[in-house]
> 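After the structure tokens below, expect a handful of questions from me.
Nothing here was measured: the structure is a model prediction, and the numbers come from that model. All ligand and atom numbering here is 1-based and tracks the order in the structure.
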Amino acid sequence: MPNRKQYLIANWKMSKTTNQAILFMQQFPVNSLNNSEIQVILAPSYVSLSILRDIILTASAPITLAAQNCSSEESGAYTGEVSVTMLREIGCQYVIIGHSERRTLFGECEPMLSKKVELAVKAGLIPILCIGESRELYETGATVEYLKQQLAPYSSTLPFLLAYEPIWSIGTGLIPTREDLSTALDAIDSKFPDTPILYGGSVNRKNISDLLCHQRMNGFLVGGASLEPDSFFALYSAMNQNNHHG
Ligand code: PGA
């Protein structure tokens with residue numbers, strides 16, 4: 001396998017206030033994050049990034065920060081936008097780009113997203129690019145074709161992570177069958193053999209061991225199950241065990 005490093009990413013979406021993010025950090029067992037092959041990444045709201053950075057630094061916690069989005073513009077008169085330079089300066093190492101909620105609820109698509117990826121890389125951030133098909137495409141068997149189309153603008157040499165998140169799986173409790181997930185991972189791998197590929201969509205402590213059987217997967221982007229310290233840590237423990245025995 002080209003890349004053994006694993007990633008566990010908490011996407012808190014718009015679910016946690018800063019006080020709730022601080023409380024999470026007080027309860028999350030950072031001293032038990034002792035496997036250096038598993039990178040834990042938190043993606044809080046923009047407004048909580050700097051306080052989380054300070055908490056992480058003070059605790060010397062092996063955790064890094066991701067933003068949930070960034071502007072497709074570098075700087076200037078773009079009211080309400082947050083630039084990649086601002087994110088870098090505040091201590092982010094990663095930025096989620098093209099989450100399906102950005103695509104479906106806010107109309108984001110390529111080429112805007114490929115511009116964000118380019119700017120993020122230029123600023124020294126590692127983009128986590130989300131891709132994934134709708135239920136309709138899944139049901140008509142068009143997943144692979146659609147993933148290829150979504151990935152067409154991107155070069156295999158880009159220093160980024162790919163998160164395969166079937167839209168029908170996000171927040172629904174449904175996950176792809178083992179065969180369907182393998183097919184999707186293989187399709188992505190055929191163009192991006194050296195890129196870490198994550199899975200996202202209803203990952204929880206019950207289904208993670210099934211998902212961990214995919215050799216070509218380098219971790220998870222987690223929404224719901226990342227909100228509580230114990231359920232998020234349960235995912236870490238499952239990955240840790242798999243990493244030792246796998
Ligand atoms: P979920 O969200 O784990 O709640 O399905 C995943 C995501 O949206 O990244």
> State whether the side chain of Lys116 and the backbone N or O of Cys70 hold a donor-acceptor pair below 3.5 Å, judged by distance alone.
yes
> Are Arg102 and Phe106 in a cation-pi setup, meaning NZ or CZ lies under 6.0 angstrom from the ring centre and within 45 degrees of the ring axis?
yes
> For ligand 1, does Asn11 get within less than 4.0 Å through its side chain, its backbone, both, or neither, judged by non-hydrogen atoms?
side chain
> Any idea which atoms of ligand 1 are less than 4.0 Å away from a heavy-atom of Gly224?
1 (P), 3 (O), 4 (O)
> Hey, which atoms in ligand 1 end up nearer than 4.0 Å to a heavy atom of Glu165?
6 (C), 7 (C), 9 (O)
> Any heavy atom of Ala225 sitting closer than 4.0 Å to ligand 1?
no
> Would you mind listing which atoms of ligand 1 come within a distance below 4.0 Å of any non-hydrogen atom of His99?
7 (C), 8 (O), 9 (O)
> Counting distance only, does the side-chain N/O of Ser182 pair as donor-acceptor with the main-chain N or O of Arg178 below 3.5 Å?
yes
> For atom 3 (O) of ligand 1, which protein heavy atom lies nearest, and how many Å away is it?
Gly223 N, 2.9 Å
> If we ignore hydrogens and angles and just use 3.5 Å, is the side chain of Ser83 paired with the main-chain N or O of Met86 as donor and acceptor?
yes
> Between Tyr164 and Glu133, does the side-chain contact (heavy atoms from CB on, under 4.5 Å) criterion hold? Intermediate values first, please.
CA-CA 9 Å; Tyr164 171 54; Glu133 80 287 357; 2.9 Å; yes
> Which atoms of ligand 1 are found less than 4.0 Å from any heavy atom of Gly201?
5 (O)
> For Ser202, is the nearest heavy atom under 4.0 Å from an atom of ligand 1?
yes
> When the ring planes of Phe192 and Phe160 are compared, do they come out parallel, tilted or perpendicular, using 30° and 60° as the limits?
tilted
> Would you say Val222 and ligand 1 have an N/O pair spaced under 3.5 Å apart?
no
> With ring centroids as reference points, do Phe28 and Phe232 lie under 6.0 angstrom apart?
yes
